[in-house]
Every structure is written in C-alpha cells, then in structure tokens.
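Input: a single structure, listed below in structure tokens.
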Amino acid sequence: MRVLVTGGAGFIGSHIVTALETAGHEAVVFDLVPSAASVQGDVRDAEAVAKALAGVDAVSHQAAMVGLGRGFGDAAAYVGANDLGTAVLLEQMAEARVGRLVLAGSMVVYGEGCYACAVHGVVRPGARAVPDLDAGRFEPPCPQCGAALSPGLVAEDAAADPRNVYATTKLAQEYLAAAWARATGGRVISLRYHNVYGDGMPRDTPYAGVASFFRSALERGEPPRVFEDGRQRRDFVHVDDVARANVVALEAVAGRPAGELRAYNTGSGEPHTVGELASALAAAQGGPAPVVTGEYRLGDVRHITASSRRLRDELGWCPRVGFREGVERFARAPLAER
C-alpha cells in the first residue's frame, strides 16, 4: 500500500512513516519541512497536494497546528492550518479518486471527560468558572446539584463539546471528513489521540504537549511547573503505540462501510495525573522535583481519559508501552527543535 503521510516529518507523522515501512508499506512524506526524503508542500496548496497524491492508495492526515496555543490570538492560524488544509486535501482526494483516509483526531473534541454524580448519574459539567479557578477550586461540580463528581473513561459515543479553538478545529476536521465520505463514497477512520508523548516531541513551544514542557524544563535544570494542583487526570500514550494504531487503521479502512466516518479513541487505558507524569520524569532524569503552581489556562479541561475498547475490539490494536517504561525512555529521548 502506498500511503501519503501529511505532516510526515513531524512528531507523530515521522513515527507513522517508520511504522508503515516496517510493515512493508510505502510512505510518501508531505510536509512543510524540506528534506531529501519528503515532498515539500502545504496542505492548503491544492497544486502541491494534487502532485503528492499521484499513485497513492490511502492518506494518513497528520498535518495540523496542535496544542492550546496562545488563547484566541491564533484562532485564524488554527482554522487555516487545520480546517482549510483538510478541506483542500479532501477536495484533491476526491479529484484523484483516493478513497481511503485515516485522520489524526483528538480527545479534545469531548471537552471535559466522563463524569458521574452519586445522585444524578452520568453528567456533563459546563466550563469551569474563572472565580473558581482563581480560588483553587479546580474540580467541576455536578451541573444539577453542585456535588462532587467522579471522573471515568470517555467513550466514542460521548457528545462532542470542544472547549477551545484547537478542539473546535479538530471536530471540524471530522465533520469535513464525514462530509467527504458521504459525497464520494470514501472510507475514513478518525483516531482520537489522547496525550501522545515520546522521542521527537518539539521542545520549548506553546504548541507542544505537557510532557514536552516538563522535559524542556528538566533539560534547563529547572523543576517542571505543574499547573492547577497536579491532580488532572490524563491518558498518556506512547507515540510508538499511536504509530502502530495508524498502521492498523490504514490496513483496516478499506474494509469499512463506504460513506461514513468511524472514530476510535487511541489511548493507553491507564489514567495518570499530570503531577505523576512530572514526578516520574524528574525521577527518571535525576532532576529537580516538580513545583505545583496553582496556575491554570483557560480552555484546559480537568479530566479526560480514554476508553480504547472499540479500537481493541474492532481493529485488534492494544498498547504495548506501559507508563513506567515509556516515561523512562522519554526521559532520555531526543526532542525536536520545532
């Protein structure tokens, strides 16, 4: 199978390229970053995308502007890179009659994760209020009675509720891909990544993940700065497992029903707190202990952890890199400069 990997020189994309080649497939790298082994181009450039699609059987769409960024100040940049870029890609795929797509989705489309109230059962809390955050009240209360909630694993049938610009663009990507599938008879899988980490993460950028923030601080000899109280629950999944999930999805997408999008959570299934990650990284590097700052970022959610049962049951994927092993490897792995 010949696969076009948009963003194939990036963090996750480069690992997908390696995994595809290991599985015996041919990867065509399409990325803004020039290299001898890639096609340089922007997914918003229809002509460049059309050339890259020549002779391709399927597309792995990883090119995107990621992370929470700088609030609303870069909204247009996110929409341009993520949604316009996806629209151009899909338009050219329709022209080239390339009918298989695996999309880099994200858990951010859910907003807050799955919560249960002892009285009202499963509930969806609203956005956390600034006065509560300022006062250090980080846990969202039950929207019906104000009681404390218990976080759980979110499944793919949870309602979408994006809480920031990036999340909104990731949901729009899925809607665009679903519309393309219906219009063309295409087949598409969206892998909703949870918190991906591993070698090759970009360093020192507001668009990187929290694992990269912590690693960058430790390399400077500084303690990792943990926002809120450090008890935010996340699902940290190693990039090697995410790359394998993409290969599995690319091999399976041809067998999906035409004209629809199927979403799969892609996570480790093992919730850990942000504070646990910071402490584990600091210990693995022998660096200074984390500092819990009480700071917060508007647009962040409190708890979001995955149920990846659908991906396991339907496609036979399961993670292989556990939290302890993954963190120890990541503590010594090189970071990228972008």
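Just so it is clear, the model here is predicted, and its values are computed rather than measured. In this chain, numbering begins with 1 at the start of the sequence shown.
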Looking only at side-chain N and O atoms, does [Y] offer a donor or acceptor that is under 3.5 Å from a partner on [X]?
{"X": "Glu325", "Y": "His238", "result": "no"}
{"X": "Asn246", "Y": "Tyr193", "result": "yes"}
{"X": "Tyr296", "Y": "Asp134", "result": "yes"}
{"X": "Tyr110", "Y": "Asn265", "result": "yes"}

Residues in side chain to side chain donor-acceptor pair (under 3.5 Å) contact with Glu219, at least two apart in sequence or another chain: Arg203, Arg215

Is atom [atom1] of [X] surrounded by more than 12 heavy atoms (other residues, nucleotides or ligands) closer than 6.0 Å?
{"X": "Arg320", "atom1": "CZ", "value": "no"}
{"X": "Glu295", "atom1": "CD", "value": "yes"}
{"X": "Arg309", "atom1": "CZ", "value": "no"}

What distance separates [X] [atom1] from [Y] [atom2], expressed to the nearest 0.5 Å?
{"X": "Gln232", "Y": "Phe138", "atom1": "CD", "atom2": "CZ", "value": "8.0 Å"}
{"X": "Phe214", "Y": "Ser279", "atom1": "CZ", "atom2": "OG", "value": "9.0 Å"}
{"X": "Leu171", "Y": "Leu176", "atom1": "CG", "atom2": "CG", "value": "10.0 Å"}
{"X": "Leu250", "Y": "Asp57", "atom1": "CG", "atom2": "CG", "value": "10.5 Å"}
{"X": "Leu315", "Y": "Arg256", "atom1": "CG", "atom2": "CZ", "value": "7.5 Å"}
{"X": "Leu53", "Y": "Phe30", "atom1": "CG", "atom2": "CZ", "value": "8.5 Å"}

Donor-acceptor pair, [X] side chain versus [Y] backbone, under 3.5 Å?
{"X": "Thr6", "Y": "Gln62", "answer": "yes"}
{"X": "Ser308", "Y": "Gly267", "answer": "yes"}
{"X": "Tyr115", "Y": "His303", "answer": "yes"}

Using a strict cut-off of less than 4.0 Å between a Lys/Arg side-chain nitrogen and an Asp/Glu carboxylate oxygen, indicate whether [X] and [Y] qualify as a salt bridge.
{"X": "Glu174", "Y": "Lys170", "answer": "no"}
{"X": "Arg302", "Y": "Glu139", "answer": "yes"}
{"X": "Glu156", "Y": "Arg262", "answer": "no"}

Close side-chain approach of [X] and [Y], heavy atoms under 4.5 Å:
{"X": "Thr86", "Y": "Thr169", "answer": "no"}
{"X": "Tyr264", "Y": "Ile189", "answer": "yes"}
{"X": "Pro271", "Y": "Leu153", "answer": "yes"}
{"X": "Val102", "Y": "Glu251", "answer": "no"}
{"X": "Asn82", "Y": "Tyr166", "answer": "yes"}
{"X": "Val165", "Y": "Asp74", "answer": "no"}
{"X": "Arg2", "Y": "Val28", "answer": "yes"}
{"X": "Val59", "Y": "Leu4", "answer": "yes"}

Path from Val226 to Phe323 over hydrophobic side-chain contacts below 4.5 Å: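 Yes; Phe323 is reachable from Val226 via cluster members.
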
Single-linkage hydrophobic cluster, 4.5 Å side-chain cutoff, Val239 and Leu20 together: yes

Pair His194 + Phe236: ring centers closer than 6.0 Å: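 No, the ring of His194 stays outside the 6.0 Å limit from the ring of Phe236, centre to centre.
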
